[in-house]
Protein chains: 4
Amino acid sequence: MTKAMGVKSNVETPRDDVREAIFESAIELFARRGYYATTIRDIVEKAGVTQPMVYYYFGSKEQLFISCVKELFTEIVNIYESVDPNMNIADYLKAFLDVGNNIYNTSPESILFMVNYIHLPEEYPKLAKVESLAWKPIQLLVDFITDAKNDGIVRKDVDPITTAIMIFGASTFGKTLHFINKNVVDFGFDEEPEYVSTQIRKIILGGILNN
Amino acid sequence: MTKAMGVKSNVETPRDDVREAIFESAIELFARRGYYATTIRDIVEKAGVTQPMVYYYFGSKEQLFISCVKELFTEIVNIYESVDPNMNIADYLKAFLDVGNNIYNTSPESILFMVNYIHLPEEYPKLAKVESLAWKPIQLLVDFITDAKNDGIVRKDVDPITTAIMIFGASTFGKTLHFINKNVVDFGFDEEPEYVSTQIRKIILGGILNN
Amino acid sequence: MTKAMGVKSNVETPRDDVREAIFESAIELFARRGYYATTIRDIVEKAGVTQPMVYYYFGSKEQLFISCVKELFTEIVNIYESVDPNMNIADYLKAFLDVGNNIYNTSPESILFMVNYIHLPEEYPKLAKVESLAWKPIQLLVDFITDAKNDGIVRKDVDPITTAIMIFGASTFGKTLHFINKNVVDFGFDEEPEYVSTQIRKIILGGILNN
Amino acid sequence: MTKAMGVKSNVETPRDDVREAIFESAIELFARRGYYATTIRDIVEKAGVTQPMVYYYFGSKEQLFISCVKELFTEIVNIYESVDPNMNIADYLKAFLDVGNNIYNTSPESILFMVNYIHLPEEYPKLAKVESLAWKPIQLLVDFITDAKNDGIVRKDVDPITTAIMIFGASTFGKTLHFINKNVVDFGFDEEPEYVSTQIRKIILGGILNN
DNA sequence: TATGAATGAGCTTTCATTCAT
DNA sequence: AATGAATGAAAGCTCATTCAT
């Protein structure tokens, strides 16, 4: 991700080339194959560096993985946090979903990686270290919906957490299916994320707003 | 799952004990750890049999995995198909979501396994073989909603596919979070699947029904 | 050692061939090169087996090493214990020293291994497990000398422990020097262990007996 | 050792700090862990310098090791040679053994290192280069005893070499056991080197003197 | 059907060493 | 005189799989 997401921060000092190359290869491979199916050899080959460099810069395969997760989640959270909460609910929802779609479009692996990561229970000791990050985007939604509920915009009998899960879960699940359908096996499911987002917005708003 | 779900289809000849033991251990381990982190040794140790038995009965690790997937998906599909589509939409939705909750309650791994499986893209060559099965529960929803739309119960501007994805995605994502929160790391998300289902129903119905 | 020492216990079941081969190669290599300079690959090459066999039979390199130490020390202790303590001190001393010489002649590595092992302090966590075995031969000497002291044969002002250390230390040190001189680098020290033993006996007896 | 032994030979130019630091760390680590279990990383970390410094000052790990051995043996030999041979045998023996004890007390690793080194046969190509040094202390003893034999003080049937080996071997073996007992695992052998030396002297003198 | 024993290939990791600066 | 970065080679170990019985 990183660069792929258009966050290319600035001209890096040349000595971080190797670290950077490892990092990017790692994210892509971990995202596509998962932790165990990705070998250090895969990573360094793709990055064009030698094996010990991984240990020089990251210490171990697991720490490299954690670094990837942290970095990726941090970036994603930053982007989600940049959405201004001073909008009406329809606009906010649109902005929120657009963010997800943008990330997916620039770097589908990012989403896969995140979703994938969240769905590997036995691996969760590792998750503990990024717990708050992983939960953050959903939390932002929960907070916004709670406020809207307090303002009387959202119905009193609506549970903000469930609502947030619906929005977030539906959106990422839609992207995953889109990715699979496009890259792996044709499910007959070819709806674009943008279209799905529009639908989600409409249904959710219809389901939770007063009147 | 299998036995755990109470779907033990017929009385097995006693000599299938070994096969059965392997099968059950495999499902549980694959579900919790994923394909690569699960070793043949793990499986046979848990099953109390010897390694070559896996090859005698299943041919290879990959084929064992596929067998698990097929069996599991078949059972799950059977259950979903047993939901009578001749109900009103509210009841159908309730029945549909209840089925998922029941499966999760009797055998949480089943859900994990399925979700997990769907989210490992690079593994999808394998998926091709169960493509229609994996997609089937969603398809059932899509069909039901499409009918309701044609009957004028669901609004014309609602996309049945997106709706089905929302229902299914939200429901499984909710269960995953519940599982993680309960078994791995406390996210502060402790809502029971049943409660989440009720909310989903309410929101979806509010969002898609005419009037 | 084992076979080399002429202790070939009996016709083994053929299925222990591999284990046996690993074991013997291990002892010889550990003895000559020490633990760290000996690789699993060295051992299996010498034994004509494949690497995983080491792990199948012994679990790890360290456990293989411990097995060797235990086995070797046990055998050596057995031999030392077979020396009948109902002799006069001169004969006992001769018998005791002869035993060491015999072991050295049949299997020089045995001695090297033992001495070598005793002189790697940082490795001694492992030693804890064979502590009593390693100390046993010296203890036998101590006990005999103590008895002789109580019987008035050995002078009252003589310390049995120091005496035993002198006998044992001098004897093994002599063998080590003999081995080095013969196999590695010519120190100009070519006295045969048997000659050294005779001298040790004479000097010790002269130094500790009454009259 | 070196400094630890208080033999800091001359005022060093400050720029040898690094070399000195490497040297001292190396001796201690080699002594405690042996050659193979000691890594360059261990040494430089302990010394607080960087890895290439080892190669700048010593050329290689092996040459560093040899340097340590040479330096250490040279110092030890110097001390042993400073013992005045113009004494009677009892005093000389006392002085000789005291020297060993002093070295052990100021720097136990020195003794361990030496003994350890002598007992690693496969390493002896390296030994060739310090052959005369390693042998020297024993040689001094041999010479003294030979003279005493020629003077009729020591019995004609006594072999000076064996005698020297007994004295030296017993003394160092005693120290090794003392070290192990104190630092690693309790053998029940807690005799102080000084006490052991006194005993050795008494027994040896009783065993080799005329009358 | 079932198993103990065996294996080729590949894994993560660390080592001593060197290079460019 | 000193260093951060880099490397080839090899270490211990595990994997899915098969063979002989």
### Message
With side chain to side chain contact (heavy atoms under 4.5 Å, CB included) as the criterion, how do A:Glu20 and A:Glu24 come out once you've worked through the C-alpha distance, each side chain's angles and the decisive distance to 0.1 Å?
### Response
CA-CA 6 Å; A:Glu20 195 73 9; A:Glu24 285 175 23; 3.5 Å; yes
### Message
Between B:Val44 and B:Thr50, does the side chain to side chain contact (heavy atoms under 4.5 Å, CB included) criterion hold? Intermediate values first, please.
### Response
CA-CA 6 Å; B:Val44 300; B:Thr50 59; over 6 Å; no
### Query
What's the verdict on side chain to side chain contact (heavy atoms under 4.5 Å, CB included) for C:Arg19 and C:Ile22, showing C-alpha distance, side-chain angles and the deciding distance?
CA-CA 5 Å; C:Arg19 198 193 138 94; C:Ile22 293 171; 5.8 Å; no
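Here the P atom of nucleotide F:dC15 and the CD atom of B:Glu45 are 10 Å apart, to the nearest Å. Whole-Å rounding puts the A:Phe58 CZ to E:dT13 P distance at 14 Å. Counting to the nearest Å, the C1' atom of F:dG12 and the CE atom of C:Met53 are 16 Å from each other. In this structure, CD of C:Glu62 is placed 18 Å from P of F:dA11, rounded to the nearest angstrom. Regarding A:Ile22, its CD1 atom lies at a distance of 13 Å from the P atom of E:dT13, rounded to whole Å. In this entry the distance linking CG of C:Leu29 with P of F:dA11 reads 13 Å, nearest Å. The nearest whole Å value for the distance from the CG atom in C:Asp17 to the P atom in E:dT7 is 12 Å.
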Got a list of protein N/O to nucleotides 14-16 of chain E N/O distances below 3.5 Å?
unit_1 : atom_1 : unit_2  : atom_2 : d
E:dC15 : OP2    : D:Arg41 : NH1    : 3.4
E:dA16 : OP1    : D:Lys61 : NZ     : 2.9
E:dA16 : OP2    : D:Ile40 : N      : 3.1

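Scanning both residues, A:Tyr36 and B:Ala37, for their nearest heavy atoms gives CE1-CB, 3.1 Å. Of all non-hydrogen atoms in C:Cys68 and C:Ala26, the two that sit nearest each other are SG-CB, 3.7 Å.
Scanning DNA chain E for stems, defined as runs of 3 or more consecutive Watson-Crick or G-U wobble pairs whose donor-acceptor distances all fall under 3.5 Å, gives the following ranges: E:2-21 with F:2-21.
Tested against C:Phe30 for a side chain to side chain contact (heavy atoms under 4.5 Å, CB included), the candidates C:Leu64, C:Val69, C:Leu72 yield a single pass: C:Leu64. When A:Phe23, A:Phe58, A:Tyr35 are each tested for a ring-ring contact (aromatic ring centres under 6.0 Å, His included) with A:Phe65, only one passes: A:Tyr35.
Between atom CE of residue D:Met53 and atom CD1 of residue D:Ile40 there is a gap of 12.5 Å, rounded to the nearest 0.5 Å. The CG atom of C:Asp42 sits 12.0 Å away from atom CD of C:Glu28, with the distance rounded to the nearest 0.5 Å.
You'll find that the side chain of A:Tyr56 is closest to F:dG4, out of E:dA5, F:dA2, F:dG4.
Comparing the C1' positions of E:dT1 and F:dT21 gives an interatomic distance of 13 Å, to the nearest angstrom.
Between A:Tyr57 and the phosphate of F:dA6, there is a side-chain N or O to OP1/OP2 separation shorter than 4.0 Å.
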